[in-house]
Q: 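My questions will all concern the structure given below.
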Amino acid sequence: PLHASPSCGMASNMRDLIVASGPGAPDDRQTATREPGEEGSGRWFDAPLLQSILGAEPTPVPMDHTRELRDGIHVSHHPLSGRWIHPSRWSVTLDDLEFFKEEVEKAKISPRDSDSEEAKRAHLDPNIGPDIHRVCERYIKPITAEAGGMSWALWRNPKGLPCDVFATHCWAEGVYEFIGKVMRNFPRGAKTLWACFLANPQNGDLGVFLKGPNGRDISKSPFAKALKRANYFLVVPNSRVSIYTRLWCVYEASLAIRHIHRGLVISLPTEAPKEKIILKSAPGLLCGLVLFLLSFFVTAVSIAHLLPPIVWLLIAVLVSSLSGLAVKVFLSQRKDQDDIRFFDQVEIILASFNIALASFCFGIVQHCLQRKRERRTWAWEDGEGWACGFLVTSLLFMHLGGIYSTIKKDIQRVEAGQLEIKSVREAQCSDQNDEATIKQAIKEYESKIDEFVRVLTHVGKFDRAIATNILQYGMSVDRARAGAVELQVIPACCAWSYWWVTDLSAHMHHIMATEALVACSVLAYCAYWYLGERAIFAIDSLYYFGFLYLGTSIGFAKHVWHSYPLRHKCMSWYVLPLQVVFVVLMMLANAAWYSGLVAKLNHCLHRTPEDALQGLIANFPCPDDGGDSDSESYTGSDEEGSEHPPEVIEKDQLSFLDMALNDTSETTDLADQEESQTQELHHDDDGACSALLHKGSARHGRSSC
């Protein structure tokens with residue numbers, strides 16, 4: 001070690017100089033430094049580089065942590081500090097969350113003596129755990145106080161991480177319950193989570209964040225600033241109390257709905273544990289295997305010759321579609337939660353039945369394809385075995401996906417039930433000053449927030465795509481809630497390319513047959529990924545028109561062409577005009593849907609209940625948040641901070657958002673200017689530190705404070 005050798009005094013002094021001028025130095029040391037090339041510059045070297053050369057640790061000598069505080073807040077969190085990090089970067093990764101869970105388990109936090117027996121049981125439950133109040137008291141506060149007073153998130157990630165997912169939750173919930181729901185429902189593509197008990201410094205006075213020119217300004221809170229940068233808003237209910245009995249959660253909801261216009265996705269947890277999915281899917285798969293063997297070896301001997309292979313599969317598709325439609329019709333007429341849960345179980349049983357039916361028909365198909373030509377009642381091509389195999393496999397996966405979707409709906413209803421509250425007017429806050437401030441901020445929107453909670457509990461997810469489907473395209477709320485069925489794409493592509501795959505396979509071009517199906521599926525999935533949830537109707541129409549075309553082609557082959565193209569293995573060319581006709585019909589149906597014609601017809605016939613949803617969004621203004629001009633002065637590069645930029649919204653995409661989108665730029669610009677002036681006045685107190693930050697930002701091509 002360099003410190004141990006007297007001959008290394010110069011290195012030791014240099015090490016101290018590096019520490020004094022590095023990124024971990026207190027404010028007064030940073031103020032004394034100058035830029036390279038300036039007269040009297042005492043810092044002409046790259047401190048991080050020399051740290052790595054000499055092997056210096058970030059904090060090789062004990063530091064006085066009281067010098068890292070300002071107004072009782074760590075300088076990384078204080079908005080007037082030169083080392084301030086923007087609140088949207090007080091985030092953690094899923095790995096951090098897993099580490100946090102392990103550390104809490106190691107801490108072995110005991111319940112309070114004053115807790116009820118029910119609370120103590122929940123505390124010891126490995127699926128619920130100690131409440132966040134207790135975890136903060138016994139784990140977060142001690143460990144962050146020892147580290148210097150920063151938040152747990154900045155203790156793990158000192159430079160901060162850009163916020164992708166904002167979690168709104170209640171501190172009364174169990175910490176394991178919270179972590180489990182977040183881990184299972186983390187949005188695809190997101191990387192970081194903003195949770196208040198991890199993001200905010202728990203050892204300081206959080207009222208510092210709310211100081212404004214006219215008293216307490218709630219728009220200055222870290223919650224508002226982080227939510228403005230988030231792409232996802234995850235509502236995390238709990239089994240103890242509705243989160244909307246807490247005023248901070250109500251305020252976060254009011255902010256979230258104002259950010260829908262920029263692409264914010266609001267959702268409830270819907271993902272089930274893997275064990276539950278396997279348990280629900282196993283009966284259908286087992287029945288399918290048994291019925292496949294039964295049909296292949298027993299039933300098919302007597303009935304296989306009656307119909308061609310594809311007709312047996314079309315019967316399975318028709319039965320599954322009609323039975324699913326019947327269940328949805330009965331479910332739409334039921335309002336009682338017990339009836340709804342009963343029909344959820346019916347849907348799972350129905351999906352299992354569809355799996356068994358498809359397997360049964362596939363057993364008959366395999367027997368059909370093995371019969372000699374002279375014993376056939378109907379003609380069929382020899383290559384249909386290849387196409388039928390693809391089709392049955394995709395149908396099995398689609399029905400398994402139906403079981404998964406039903407489980408998600410059931411979980412979503414349970415989570416929605418944990419949000420129930422008469423009105424957000426009953427919500428409270430532990431801090432009386434915060435309670436008065438929040439109630440003042442939401443007093444004009446309380447009824448609309450109640451409506452938002454009602455919509456969220458019914459739909460389970462709310463974003464711009466769902467608003468478009470319901471309000472602009474006239475889709476039912478239940479269908480919008482179900483979302484796009486991705487696994488419908490491949491069966492639909494199998495139906496549209498059935499005869500092409502059959503002809504190629506009949507001529508022993510199995511690889512080309514597979515390539516044709518893959519190409520069709522890739523094109524369909526590209527369209528889905530481009531449209532997102534707006535592709536619900538497009539996928540449904542692709543599926544149903546595909547099977548209508550396939551059934552019609554069988555009728556033409558039998559009664560119009562008298563099986564000639566089947567015998568000569570050229571069915572794909574004969575049905576090409578018919579395929580073009582069905583493609584045109586499908587495109588016309590999509591044009592009528594996406595032009596809003598269906599929605600206009602529904603509106604002319606009757607006033608739909610979704611009109612209340614339209615008023616809910618249209619009457620919420622865009623957030624001004626005081627301009628949030630400090631949003632560009634956080635520590636870190638712009639590239640890193642905009643890793644997941646929100647999707648740009650076009651004004652003509654959502655006509656009901658015009659009021660929220662128009663005439664807001666001028667107000668926001670004035671707020672930005674006012675906030676910038678305030679920031680400049682505050683940073684003048686920091687003297688040379690503020691000047692250094694300005695110059696450093698300009699040197700790296702970033703906007704200054």
Side-chain angles (χ1 to χ4, degrees), residues 288-289 292 296 300 304 308-314 316-317 355 358-359 361-373 376 378-401 485-530 538-539 542-543 545-554 556-557 561 563-580 582-583 586:
L289 178 60
F292 171 78
F296 184 81
I310 185 58
V311 174
W312 290 108
L313 295 182
L314 289 176
V317 172
I355 292 174
S359 302
C361 292
F362 189 56
I364 298 176
V365 167
Q366 290 301 310
H367 195 278
C368 283
L369 297 172
Q370 294 180 12
R371 297 180 66 87
K372 294 183 179 179
R373 185 179 297 275
R376 299 176 182 175
W378 283 48
W380 58 78
E381 283 195 44
D382 295 331
E384 288 193 48
W386 200 256
C388 286
F390 285 130
L391 183 57
V392 170
T393 304
S394 61
L395 286 173
L396 292 178
F397 278 105
M398 185 187 74
H399 293 313
L400 283 173
V485 184
E486 300 177 35
L487 294 176
Q488 270 188 339
V489 172
I490 298 180
C493 293
C494 289
W496 283 104
S497 61
Y498 182 86
W499 294 118
W500 295 96
V501 173
T502 296
D503 286 354
L504 289 171
S505 179
H507 290 89
M508 306 306 293
H509 299 306
H510 298 298
I511 296 179
M512 291 183 63
T514 305
E515 290 174 345
L517 177 59
V518 170
C520 182
S521 301
V522 168
L523 288 175
Y525 270 111
C526 287
Y528 165 67
W529 289 326
Y530 176 75
I539 292 176
L542 184 72
Y543 178 82
F545 274 99
F547 281 100
L548 282 174
Y549 149 73
L550 190 55
T552 306
S553 66
I554 291 292
F556 270 72
W561 302 316
S563 303
Y564 176 85
L566 296 173
R567 292 193 297 268
H568 292 80
K569 304 176 183 178
C570 57
M571 186 68 177
S572 57
W573 294 104
Y574 272 75
V575 299
L576 183 59
L578 184 66
Q579 192 171 23
V580 171
F582 274 88
V583 168
M586 182 183 67

Q: Answer whether the closest heavy-atom distance between the side chains of F362 and L396 falls below 4.5 Å.
A: no
Q: Nearest heavy-atom pair of A316 and C361: which atoms, and what distance?
A: CB-SG, 3.9 Å
Q: Is any side-chain heavy atom of L504 closer than 4.5 Å to a side-chain heavy atom of W386?
A: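 L504 vs W386: side chains apart.
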Q: Could you grab the distance from atom OG1 of T393 to atom CE of M398, nearest 0.5 Å is fine?
A: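 Nearest 0.5 Å value for the OG1-CE distance: 12.5 Å.
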Q: Check the pair W496, F547 against side chain to side chain contact (heavy atoms under 4.5 Å, CB included), reporting the backbone distance first and the verdict last.
A: CA-CA 8 Å; W496 283 104; F547 281 100; over 6 Å; no
Q: With a 4.5 Å cut-off on side-chain heavy atoms, are Q579 and L576 touching?
A: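 When only atoms from C-beta onward are counted, Q579 and L576 do touch, with a gap below 4.5 Å.
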Q: Do the side chain of S553 and the main chain of L550 share a donor and acceptor less than 3.5 angstrom apart?
A: yes
Q: Under a 4.5 Å cut-off applied to non-hydrogen side-chain atoms, are V317 and Y543 in contact?
A: yes
Q: What's the separation between atom CD in Q488 and atom OG in S394, rounded to the nearest 0.5 Å?
A: 11.0 Å
Q: How far apart are the C-alpha atoms of F545 and Y549, what are their side-chain angles, what is the distance that settles it, and do they pass the ring pair (Phe, Tyr, Trp, His ring centres under 6.0 Å) test?
A: CA-CA 6 Å; F545 274 99; Y549 149 73; over 10 Å; no
Q: Any side-chain heavy atom of I310 within less than 4.5 Å of one from L391?
A: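 Heavy-atom side-chain distance check passes, below 4.5 Å.
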Q: If I take atom CD1 from residue I490 and atom CZ from residue F397, how far apart are they, to the nearest 0.5 angstrom?
A: 8.5 Å
Q: Among all residues two or more places apart in sequence or in another chain, which pass the side chain to side chain donor-acceptor pair (under 3.5 Å) test with Y528?
A: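 Per chain and number, Y528 pairs via side chain to side chain donor-acceptor pair (under 3.5 Å) with E486.
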Q: Check the angle between the aromatic planes of W561 and Y574 and answer parallel, tilted or perpendicular using the 30° and 60° thresholds.
A: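 Plane angle over 60°, so perpendicular.
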Q: Is the shortest side-chain heavy-atom distance between E384 and W499 below 4.5 Å?
A: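 Yes, close enough: below the 4.5 Å cut-off.
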Q: Minimum heavy-atom separation for S505 and A513, please, with both atom names.
A: N-CB, 4.2 Å
Q: Find the distance between CG (L314) and OH (Y498) and round it off to the nearest 0.5 Å.
A: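 The distance works out to 8.0 Å.
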Q: How close do M571 and D503 get, heavy atom to heavy atom, and via which atoms?
A: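 In this case the closest contact between M571 and D503 is N-OD2, 3.1 Å.
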Q: Counting C-beta onward and ignoring hydrogens, is there a side-chain heavy-atom pair between S521 and L517 closer than 4.5 Å?
A: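 SC-SC contact between S521 and L517 confirmed.
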Q: Does the side chain of L289 reach to within under 4.5 Å of the side chain of S359, using non-hydrogen atoms?
A: no
Q: How close do V392 and A358 get, counting heavy atoms only, and between which atoms?
A: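 That would be CG1-O, 4.3 Å.
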